[in-house]
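These notes are about the structure you will find just below.
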Amino acid sequence: MAKSDQDVGLTEAKFVPPTTNDAPVSSKALEAVNGSGTAEKLRYPWYIIFILGNEFCERFSYYGMKTVLTIYFLDVLLWSPNTTTLVYHSFTVLAYFTPVFGAMLADGFLGKFNTIFLLSIVYVGGLVLLTLAAVPPLNLQVVAGTVCGLLLIALGTGGIKPVVPAYGGDQFRPGQEKQRGQFFSVFYFCINAGGLISTFVTPILRSDVSCFGNEGCYPLAFGLPAGLLAVSVLAFLLGRPFYRNLPSKENIIAKVFGCTFGALYRKIRKTGPADAKHWLDNADPKKYSATFVTDVKQLVPVLAMFLPLPMFWALFDQQGSRWTLQATRMDGRVTDSYYWKPDQVQIFNPVLILALIPVFEGIVFPTLDRFNIPFKELARMVTGMILAGVAFVISGIVQMQLDGTLPAPVVVQTAELRVYNTAPCSLGVAMQNVYANRTEMTEADRQSLNFAVNSYDEIVYLGDNFSVPNHWRYIKFTVSPNGTCGSITRPTDIFVNVTEAKVHSLVLGQGIGGLTQRHLILDEKVKPKEGKTQARFVLPFSFNTSSGGGEITLINRDVAVGKKGHVYTAMLDRSNTLFNFGSPISNSTKDMDQGKYEVYYPDENSPSGKRRVGGLLELPNGGVYTVLLKESDSEKGYWIRYDIVSASSLSVFWQLPQYFVITVGEVLFSVSGLSFAYSQAPVSMKSVLQAGWLLTVAFGNVIVLIISGAELVSDQATEFFLFAGLIGAFAVLFAVMCHYYVYVDNTPKAEDEKEKSDSDTDSAL
């Protein structure tokens, strides 16, 4: 599956090569591995359903939690994109280092059942801790709870990852090879189903369900996986009386480590045999047989071929971090009533993998074979690495286009000034900087601007032409009516403290005693989180209510009644401002879903207490808007919308090409990788191979930590191109290694097959 989760299954006779990306094993591959002999009629282990259910729930829990993790770091923990990326990949590193220890624990100490059960308890504990940390009323240390929860989750999911499929394989007896093959097909279907469903569901829970007074419910997005996993552990426990538990014989991973390090030590100390032709010949013959040492010798070249492979996973696993961050700034609209969430975009990969595997297995590879076009495993892997680089080139191009739609930030020592006129006439504005005591500056330091702003119009001065040299500056605005303007009859001085790197809005209006004003500040000129809309409503007049203020109601008819996003209200309170001559202009800021809204003003003369005004107020997603409300439907309508930050214009579906290309690369790279490894290494070494393969994923995420943490480049597009260049170089290196690699024939003899099969099933990997 699209997840880089190399879940593994073993048969008693032969290894069932898994797709290293959680994809189902093809029937053709199973037939090739297990043969087509007629199996003895043995009773099917019906209790295998407990193990399958456990795997479905565990994958749902893991991917459901991990899918929303990036957005959670940004929204709740308020981490920067770089910090989010570093923590996300640190968690992934740990989750792929711990399988080695889980396998050693199962083989050498606790056995498979106890390892699965105990580490599942740890796993559930981590999810519960993560859930509780996200519950606001508990007032827990959110960061500490989150980090500790993730540590426990990584230990649990990594520890049981290699053990569960091996334990499932143990339930079948010799003669049930066909049934075992069917089990692994269903096993990988459960992996796909759990990951696919959770990738779609948990983003909905964290955004569309409200809880504890907040829009969105991260406790539910984490709590559902925790509850489901707890139920699966209980179900797994119910099957204990029926399980077939095979005794562990030896820990092959630890034995290989002991052999290699012992041989190196004896070679360095020169205590090995004098006639040793290979450094491994220095291994202690009392501990390691000649056959075992020969197998390790054959293993080493295969593991050496793994060295360039982490670079593929460095790119692949950024789907959940950098690519999700990219999606947060894109337009997720599918229809006016449905919005594709940034973290839901990750579902592209599992959907594509399920579609592409049958195409490659049933059409592409057979067609190449039919025309005698060589495309062996190593060639497929090189092609997969190149395609991953192409995918990152595409993502870099998309990022460049996206950067062109993003607002330019207001830099230090500058400010952005927006002046709005809600008075019924044109106003002339003369502005100049003054000292803090509001006295005029000397001529050498003085800066001034003069302009006119029409009724219900906007004048904008960007940071490039509005400097703030000393972190802040006082500005004196002298506002005069241009002609007759109701109660505004004379010039009025307004003093405003303008701070750097912010957007300052000065709203001018007409009050009972003359000019009125309101100074509004937008801290950062950035897009709203998750592609939402942010609207600031400004009320420069009195509603038909006793206080003059009240709630405006906005209704999106494209969203069903009762659903999130159907209705919003914004309180515009004038109860205090009526007696404050300096600021009778009311305002309210709302974070909303995009849509076309009906607008209702409060009206005490209306039977419903409100009346609809104007047409539809359109608020596209990803934008920040100032909406000036009007008392009557004049030439410009009941409101005017001004864009502070433009709406997102680049559709999130422009990410589809990069997802498609990297998914094709995954099909070629990951499936072929283990197929090559298991064909070249001795049967006794397959658990070591799987450990090595999982470690390539871990080290791939370490590469991301190093490059992202070092901040070698200043913008995201360049970072994407950097990764593309790196994997291109690694693909060339791997191609050279492939050219010089000498294939070996590891086809086991029939009489050796049965002897080795018993020891194979004892390995948790």
Side-chain angles (χ1 to χ4, degrees), residues 71 74-75 81 203 207-208 215-216 324-345 397-410 416 418 420 456-458 460 462-463 502-503 505 520 522-538 552 554-559 564-568 570 587-599 614-629 636-656 716-717:
I71 304 297
L74 293 172
D75 282 359
S207 64
D208 292 351
E215 288 190 3
T324 298
L325 292 171
Q326 185 183 65
T328 62
R329 299 182 174 185
M330 302 178 76
D331 183 3
R333 282 179 296 174
V334 179
T335 66
D336 285 338
S337 61
Y338 187 76
Y339 176 80
W340 200 260
K341 297 166 182 59
D343 38 3
Q344 278 184 321
V345 177
I397 294 172
V398 170
Q399 186 66 41
M400 291 175 64
Q401 297 301 313
L402 181 61
D403 289 343
T405 69
L406 299 178
V410 185
E416 182 171 313
R418 294 173 176 265
Y420 300 95
Y456 275 87
D457 209 347
E458 174 194 49
V460 180
L462 301 177
K502 301 182 186 300
V503 178
S505 297
L520 307 173
L522 178 67
D523 287 336
E524 290 183 288
K525 192 176 181 182
V526 295
K527 285 188 171 294
K529 294 178 180 178
E530 300 183 47
K532 286 185 176 292
T533 284
Q534 185 180 93
R536 172 180 279 159
F537 298 93
V538 178
I552 63 168
L554 301 104
I555 298 178
N556 185 353
R557 298 295 180 186
D558 292 323
V559 179
K564 182 175 176 288
H566 171 70
V567 60
Y568 290 93
N587 73 97
S588 179
T589 301
K590 295 291 292 184
D591 288 329
M592 308 167 60
D593 288 332
Q594 63 87 23
K596 299 176 182 178
Y597 290 90
E598 298 174 357
V599 180
L616 294 176
L617 171 61
E618 184 173 3
L619 299 174
N621 73 306
V624 178
Y625 310 105
T626 293
V627 181
L628 301 182
L629 302 178
K636 295 183 178 180
Y638 273 95
W639 58 76
I640 301 176
R641 190 196 83 193
Y642 292 102
D643 297 359
I644 310 300
V645 174
S646 299
S648 298
S649 58
L650 192 64
S651 172
V652 74
F653 293 100
W654 279 109
Q655 284 193 323
L656 263 175
Q716 188 57 64

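This structure is a prediction, so every number in the text was calculated from the model and none was measured.
Side-chain contact between Val624 and Asp643 is absent, with no heavy-atom pair separated by less than 4.5 Å. Within the 4.5 Å cutoff, side-chain heavy atoms of Arg641 are placed close to those of Pro620. Between Leu628 and Tyr456, some side-chain heavy-atom pair lies under the 4.5 Å cut-off. In this structure, the side chains of Val627 and Lys590 stay at 4.5 Å or more apart for every pair of heavy atoms. Within the 4.5 Å cutoff, the side chain of Gln326 has heavy atoms near those of the Leu402 side chain. Counting heavy atoms from C-beta outward, Met330 and Trp654 have side chains that approach closer than 4.5 Å. Under the 4.5 Å side-chain criterion, counting only non-hydrogen atoms from C-beta, Asp593 is not in contact with Tyr339. Taking 4.5 Å as the limit, some side-chain heavy atom of Ile71 sits within range of a side-chain heavy atom of Thr324.
To the nearest 0.5 angstrom, His566 atom NE2 is 8.0 Å from Asn556 atom CG. Distance check: Thr589 OG1 to Leu520 CG gives 7.5 Å after rounding to the nearest 0.5 Å. Note: Leu406 CG to Gln716 CD = 11.5 Å, rounded to the nearest 0.5 Å. Distance check, rounded to the nearest 0.5 Å: CG of Leu617 to OH of Tyr625 gives 9.5 Å. Atoms CD and CG, from Gln399 and Leu325 in turn, are 9.5 Å apart once rounded to the nearest 0.5 Å.
Residues Tyr568 and Asp591 approach most closely at CE2-O, 3.9 Å, considering heavy atoms. A pairwise comparison of heavy atoms in Pro342 and Ala327 identifies O-CB, 3.8 Å as the closest pair. When all heavy atoms of Ala535 and Leu619 are compared, the closest pair comes out as CB-CD1, 4.2 Å. Val398 and Leu650 make their closest contact through O-CD2, 3.8 Å (heavy atoms, listed as atom of the first residue, atom of the second, distance). Heavy-atom minimum distance, Ala408 versus Lys525: O-CD, 3.7 Å. In terms of heavy atoms, Asp403 sits closest to Ala717 at OD2-CB, 4.4 Å.
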Test side-chain contact (heavy atoms from CB on, under 4.5 Å) applied to Arg557 and Glu598, step by step: CA-CA 8 Å; Arg557 298 295 180 186; Glu598 298 174 357; 3.1 Å; yes
Please assess Gln534 against Leu522 for the test side-chain contact (heavy atoms from CB on, under 4.5 Å), listing each intermediate value before the final yes or no. CA-CA 11 Å; Gln534 185 180 93; Leu522 178 67; 3.8 Å; yes
Would you check, one step at a time, whether the test side-chain contact (heavy atoms from CB on, under 4.5 Å) holds for Phe537 with Ile552? CA-CA 9 Å; Phe537 298 93; Ile552 63 168; 3.7 Å; yes
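Lys527 places a side-chain N or O within 3.5 Å of a backbone atom of Gly622 that can act as its donor or acceptor partner.
Note on Arg333 versus Asp331: salt bridge recorded, some NZ/NE/NH1/NH2 to OD/OE distance being below 4.0 Å. Looking at Lys596 and Asp558, no side-chain N of the basic residue comes within less than 4.0 Å of a carboxylate O on the acidic one, giving no salt bridge. Salt-bridge check for Lys502 with Asp523: passed, with a basic side-chain N closer than 4.0 Å to an acidic carboxylate O.
Residues forming a salt bridge (charged side-chain N to carboxylate O under 4.0 Å, His left out) with Glu458 (at least two apart in sequence, or on another chain): Arg418.
The aromatic rings of Phe653 and Trp340 lie tilted to each other, with the angle between the two planes from 30° to 60°.
Residues Tyr420 and Tyr642 bring their aromatic ring centres within 6.0 Å.
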